[in-house]
2 protein chains.
Amino acid sequence: MNGKDGGEREMTRAQAPAAFEKFLRGRGLKLTRPRWVILEAALDRRDHFSADELADRLRKNPRPVSKASVYRTLALLKESGLLEEHDFGGGRKFYEQALGRTHHDHLVCIGCGQITEFQNPRIEHMQDQVTEREGFVSVFHSLKIFGYCRACRKRGVSADPQTAHLPREIVGIHGSTT
Amino acid sequence: MNGKDGGEREMTRAQAPAAFEKFLRGRGLKLTRPRWVILEAALDRRDHFSADELADRLRKNPRPVSKASVYRTLALLKESGLLEEHDFGGGRKFYEQALGRTHHDHLVCIGCGQITEFQNPRIEHMQDQVTEREGFVSVFHSLKIFGYCRACRKRGVSADPQTAHLPREIVGIHGSTT
DNA sequence: TCTGAGATTGAGACTGATTCTCAATATCAT
DNA sequence: ATGATATTGAGAATCAGTCTCAATCTCAGA
Ligand SMILES: [Mn+2]
Ligand SMILES: [Mn+2]
Ligand SMILES: [Zn+2]
Ligand SMILES: [Zn+2]
């Protein structure tokens, strides 16, 4: 919301199309209109969005894009590093912008679906120690803490761990840095 | 492998059926033969196994059990606390025995599918700090580190992070405590 | 041991996200 | 502008998991 972040966001967004085009070129792929539409739609989002929700939306676009193309292009955007893919359970993949952002992990509210991001260098460091001790080379990791957010607690929402499950919809982002 | 662990394992296994029966009673459910067969099959395993693999196996049993019953009973075993459910990606649920075991997280080799368990109290503690700071009540969490195990590295197996994916089969367990 | 209310089973239909197929179409280096 | 390739979209296919429901068990009580 402040000037610095906004500026970086804009800068990143301006660079994204060029980065994607470069990625496509390097693979002998073409920059088509559907791909452009999907890229723009993805760049418009600051939240964690699912492939099928985006597909539904773009199907009704002035420039309709098919479900197949949305799935294919999101995969490309992920490979290019522009997007990051997450599995919050529930059998659907979610995406979020990755270009110009730093690694973070997630708190997932099983009451309302709200997602809160956090960064914790100490946790990251301990993970390195664990992998090193095991002779394991880490490529990526996923740390998700499921529970109830402050708002849901105030609202009295809760359930027993054994029965708990993700809400159908992921709701939004609450940033946070440790 | 040592006497103490073996003893605890046996003891735990002996208690499991009673615990499950108690759980069923408390819910007005009946202990049927299929449920017994599935319980026994689950207790026989020390690894991380998928529901569909177990269903395939039990379909060919001397006392055949249907896919539906396997899925239904694994869910019950999870709710009863005898099993824990994991999502290692790849769209399949995996289970492992939970009774008498302590919480641990997983290293997943994307070269060979081998799973290594680890425990790290410091990471757990930092997680508590994160959730507390957010006014979040943690119900459960999942920390998975994907990468290449020592064996795969020696074998020269590797791939770029963007293309990496889980092997179809989860291979086994390598225990470890930090 | 017998009985019946109520729970469970199994076969197979169904679901829903994602992937695949392939003929028609768009892209872009030349 | 042309043509070798890559891409698209509609719909079929996949696949783990869930649901349906008539036939079949369980087990507390008689
Ligand atoms: Mn995020
Ligand atoms: Mn485990
Ligand atoms: Zn919430
Ligand atoms: Zn390996």
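Here is the naming used below: chain letters follow the sequence lines, and residue numbers restart at 1 for every chain.
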Quick one: A:Ile38 CD1 to D:dT8 C1', roughly how many Å, whole number?
10 Å
Let's see if you can work this out: which of D:dG11, C:dC28, C:dT9 has an atom nearest to the side-chain heavy atoms of A:Leu31?
C:dC28
Spacing between B:Arg27 atom CZ and C:dT8 atom P, to the nearest angstrom:
10 Å
In terms of relative ring orientation, are A:Phe20 and A:Phe23 parallel, tilted or perpendicular, with 30° and 60° separating the classes?
parallel
Please confirm whether any donor atom in the side chain of A:Arg59 sits under 3.5 Å from an acceptor in the base of D:dG9, or the reverse.
no
The side chain of A:Arg33 is closest to which nucleotide in this list: D:dG17, C:dG10, C:dT27?
C:dT27
Minimum-distance nucleotide (side-chain atoms of A:Leu29 versus D:dG11, C:dT18, D:dT7):
D:dT7
By nearest atom, which of the nucleotides C:dA13, D:dG9, C:dT27 is closest to the B:Lys67 side chain?
C:dA13
Could you verify whether a donor N or O on one side chain and an acceptor N or O on the other, from A:Ser138 and A:Gln127, lie under 3.5 Å apart?
no
Taking CG from A:Leu24 and P from D:dA6, how many angstroms apart are they, rounded to a whole number?
13 Å
To the nearest Å, give me how far apart CH2 (A:Trp36) and C1' (D:dT7) are.
18 Å
Ignoring backbone atoms, establish whether A:Thr32 has a side-chain N or O less than 4.0 Å from OP1 or OP2 of D:dT8.
yes
Nearest-Å distance, CG (A:Asn61) to C1' (D:dT8)?
16 Å
Need to verify one output field. Residue with the more 5' nearest nucleotide on DNA chain D, B:Ser50 or B:Glu21?
B:Ser50
Would you mind reading off the distance between B:Lys78 atom NZ and D:dG17 atom P, rounded to a whole angstrom?
11 Å
Side chains of B:Ser69 and B:Lys67: donor-acceptor distance under 3.5 Å anywhere?
no
Pair of N/O donor and acceptor under 3.5 Å linking D:dG17 base with B:Arg72 side chain
no
Expressed in angstrom and rounded to an integer, what is the separation of B:Asp56 atom CG from C:dG10 atom C1'?
15 Å
Any ion pair linking A:Arg46 and A:Glu96 (charged N to carboxylate O, less than 4.0 Å)?
no
Per A:Tyr71 side chain, nearest of listed nucleotides D:dG9, C:dA17, D:dG17
C:dA17
Hey, does B:His86 have a side-chain heavy atom less than 4.5 Å from the side chain of B:His48?
yes
Verify the contact: side-chain N or O of B:Arg35 to OP1 or OP2 of C:dT8, cut-off strictly under 4.0 Å; return yes or no.
yes
Can you find a donor-acceptor pair, distance only, under 3.5 Å between A:Lys30 side chain and D:dT5 base?
yes
Distance in angstrom units between A:Leu74 CG and C:dT19 P, rounded
10 Å
Nearest of C:dT9, D:dT7, C:dA7 to any side-chain atom of B:Pro34?
C:dT9
